[in-house]
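A quick write-up on the structure given underneath.
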Amino acid sequence: MPAKPITFLNVKYKTQGEFEKFVKKIIYNDIGLCNDIKNTNKDKYYKLIEILKRHPEFNSKTKNMCNIKIANDTLNKKALKTLIIKNDGTEVDISWRCAITGKHKSEKHELISAMRSSIDKQIHQFKIENKNKCCQICGNSERLDVDHNDTKNSAFDELVFNFIKENTDIEKPDEFGELNDNTHRRRFLEKDNKFKDRWIEYHYQNASLRMLCHTCNISRPKTKNKLVL
């Protein structure tokens with residue numbers, strides 16, 4: 001499929017990747033961490049607004065907006081996120097990555113996010129019980145992650161794939177709420193508790209977890225059995 005150029009403020013970017021580099025430079029280099037972009041970097045503030053206008057929910061998310069801030073992402077301290085500040089002081093996440101594509105996050109992304117957040121307690125408990133362990137691949141003891149062991153057919157994507165395939169009697173959720181833990185992850189709505197509870201139990205019975213250092217975790221082979229929606 002040929003690359004689709006993006007025109008922004010009368011400048012043509014040959015690919016989406018090229019436009020993303022431009023946006024990341026503004027957020028990470030030109031502005032950086034900032035609680036008050038409007039008054040400290042006015043020129044970049046209005047340029048950032050023009051970028052965020054590409055977000056499919058820009059109008060609803062920016063209602064009663066008085067400022068924009070850039071903060072560390074709760075789940076990835078090295079990443080930055082954009083937040084709309086409302087007149088009453090509340091903050092609303094608005095994804096600059098969605099503004100690049102101009103599209104909503106996919107149905108699969110929303111479902112996977114809710115499925116991951118729903119088993120947080122299991123992951124947290126495993127981490128506590130194995131806090132003194134080392135990486136099972138290289139033996140490193142720093143920056144450890146809880147990993148779904150793909151060598152035992154327990155990669156997270158594969159568990160999701162098998163669960164959906166084996167539970168066709170339950171309708172897949174297509175609407176989600178947002179967690180209030182500042183991670184902006186999806187959560188299941190009350191009407192989908194049957195799906196959530198069965199998934200949590202399925203994960204408890206079938207997941208094989210292990211501790212890996214971050215380097216081994218992100219470089220391990222990825223499963224081919226993935227959910228397709």
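Judged by distance alone, the side chain of Asp192 and the main-chain N or O of Phe188 form no donor-acceptor pair under 3.5 Å. Panel note: side chain Ser208, backbone Ser154; no donor-acceptor pair is recorded below 3.5 Å. With hydrogens and angles ignored, the 3.5 Å screen pairs a side-chain donor or acceptor of Asn162 with a backbone N or O of Glu158. Judged by distance alone, with hydrogens and angles left aside, the side-chain atoms of Ser219 form a donor-acceptor pair with the main-chain N or O of Thr215 at under 3.5 Å. Counting only distance, with no hydrogens or angles, the side chain of Arg54 and the backbone of Ala99 share a donor-acceptor pair below 3.5 Å. When atom types are taken as modelled, the side chain of Asn41 and the backbone of Ile37 share no donor-acceptor pair closer than 3.5 angstrom. Panel note: side chain Ser95, backbone Cys98; a donor-acceptor pair is recorded below 3.5 Å. A donor-acceptor pair is defined here as one N or O able to donate and one able to accept, closer than 3.5 Å; such a pair exists between the side chain of Asn67 and the backbone of Lys38. Looking only at distances, a side-chain donor or acceptor of Tyr28 sits under 3.5 Å from a matching main-chain atom of Leu80. Within the 3.5 Å criterion, the main-chain N or O of Ile51 finds no donor-acceptor partner in the side chain of Trp96.
Taken from CG in Asn64 to CG in Asn87, the straight-line distance is 5.5 Å, to the nearest 0.5 Å. We find the NZ-SG distance between Lys44 and Cys34 to be 12.5 Å, quoted to the nearest 0.5 Å. Distance check: Ile31 CD1 to Leu33 CG gives 11.0 Å after rounding to the nearest 0.5 Å. Separation of atoms CZ (Arg186) and NE2 (His109) is listed at 9.0 Å; rounding is to 0.5 Å. Between Leu212 atom CG and Asp147 atom CG the span is 4.0 Å, to the nearest 0.5 Å. Within the model, atoms CD1 of Ile100 and NZ of Lys21 stand 12.0 Å from one another, a figure rounded to the nearest 0.5 Å.
Of the residues listed (Lys127, Gln122, Glu129), the one engaging Gln125 in a side-chain hydrogen bond (donor to acceptor under 3.5 Å, both in side chains) is Glu129, and it is the only one.
Among pairs with a residue in residues 62-85, those fulfilling salt bridge (charged side-chain N to carboxylate O under 4.0 Å, His left out) read Lys69-Glu91, at least two apart in sequence or across chains.
Remark: Asp88 engages Lys86, Thr90 in a side-chain contact (heavy atoms from CB on, under 4.5 Å) (not counting sequence neighbours). Under the salt bridge (charged side-chain N to carboxylate O under 4.0 Å, His left out) criterion, Lys131 pairs with no residue at all, not counting sequence neighbours. Qualifying salt bridge (charged side-chain N to carboxylate O under 4.0 Å, His left out) partners for Glu18, counting only residues two or more places apart in sequence or in other chains: none. The ring pair (Phe, Tyr, Trp, His ring centres under 6.0 Å) search around Phe8 returns Phe19, Phe22, not counting sequence neighbours.
The side-chain heavy atoms of Asp197 and Glu201, taken from C-beta on, include no pair separated by under 4.5 Å.
Residue Leu83 is not grouped with residue Leu52 when hydrophobic side chains (ILVMFWY) are merged at heavy-atom distances under 4.5 angstrom, including chains of intermediate members. Under a hydrophobic-cluster definition in which Ile, Leu, Val, Met, Phe, Trp and Tyr are linked whenever side-chain heavy atoms come within less than 4.5 Å, directly or via other members, Leu111 and Leu179 are assigned to different clusters. Placement of Ile200 and Val146 within a single hydrophobic cluster is found when ILVMFWY residues are connected by side-chain heavy-atom separations under 4.5 Å, directly or transitively. When hydrophobic clusters are built by joining Ile, Leu, Val, Met, Phe, Trp and Tyr residues whose side-chain heavy atoms come closer than 4.5 Å, directly or via intermediates, Met65 is not grouped with Ile85. Follow the hydrophobic side-chain contacts under 4.5 Å out from Phe58 and you reach Leu9 in the same cluster.
Side-chain contact annotation: His203 with His148, donor-acceptor N/O pair under 3.5 Å present. With no hydrogens or angles considered, a side-chain donor-acceptor pair links Lys133 and Asn130 at under 3.5 Å.
Under the 4.0 Å criterion applied to side-chain N and carboxylate O atoms, Arg220 and Asp145 are not assigned as salt-bridge partners. A salt bridge links Arg97 with Glu20; the closest basic N to acidic carboxylate O contact falls under 4.0 Å. A salt bridge links Asp150 and Arg210; the closest N-O separation between the charged side-chain nitrogens and carboxylate oxygens is under 4.0 Å. By the 4.0 Å N-to-carboxylate-O rule, Lys53 lies close enough to Glu50 to be salt-bridged with it. A salt bridge is absent between Asp120 and Arg116: the closest approach of a Lys/Arg side-chain nitrogen to an acidic carboxylate oxygen does not fall below 4.0 angstrom.
In this structure, Leu75 shares a hydrophobic cluster with no other residue, the cluster being traced through Ile, Leu, Val, Met, Phe, Trp and Tyr side chains under 4.5 angstrom apart.
Applying the 6.0 Å contact sphere to NZ of Lys191 captures more than 12 heavy atoms from other residues, nucleotides or ligands. Taking a 6.0 Å sphere around CD of Glu166, one finds it holds more than 12 heavy atoms contributed by other residues, nucleotides or ligands.
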Run the side-chain contact (heavy atoms from CB on, under 4.5 Å) test on Ile6 and Lys14 for me, step by step, so that the C-alpha distance in whole Å, both residues' side-chain angles and the decisive distance to 0.1 Å come before the verdict. CA-CA 7 Å; Ile6 294 175; Lys14 294 179 181 179; over 6 Å; no
Go through the steps to decide whether Lys25 and Asp30 satisfy the test side-chain contact (heavy atoms from CB on, under 4.5 Å), and finish with yes or no. CA-CA 6 Å; Lys25 179 181 180 298; Asp30 297 347; 3.1 Å; yes
Show your reasoning for whether side-chain contact (heavy atoms from CB on, under 4.5 Å) applies to Val11 and Tyr13. CA-CA 7 Å; Val11 177; Tyr13 299 87; 3.7 Å; yes
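Remark: aromatic rings of Tyr202 and Phe195 are distant, center separation not under 6.0 Å.
Relative to the ring axis of Phe176, Arg187 does not place its NZ or CZ within 45° and under 6.0 Å from the centre.
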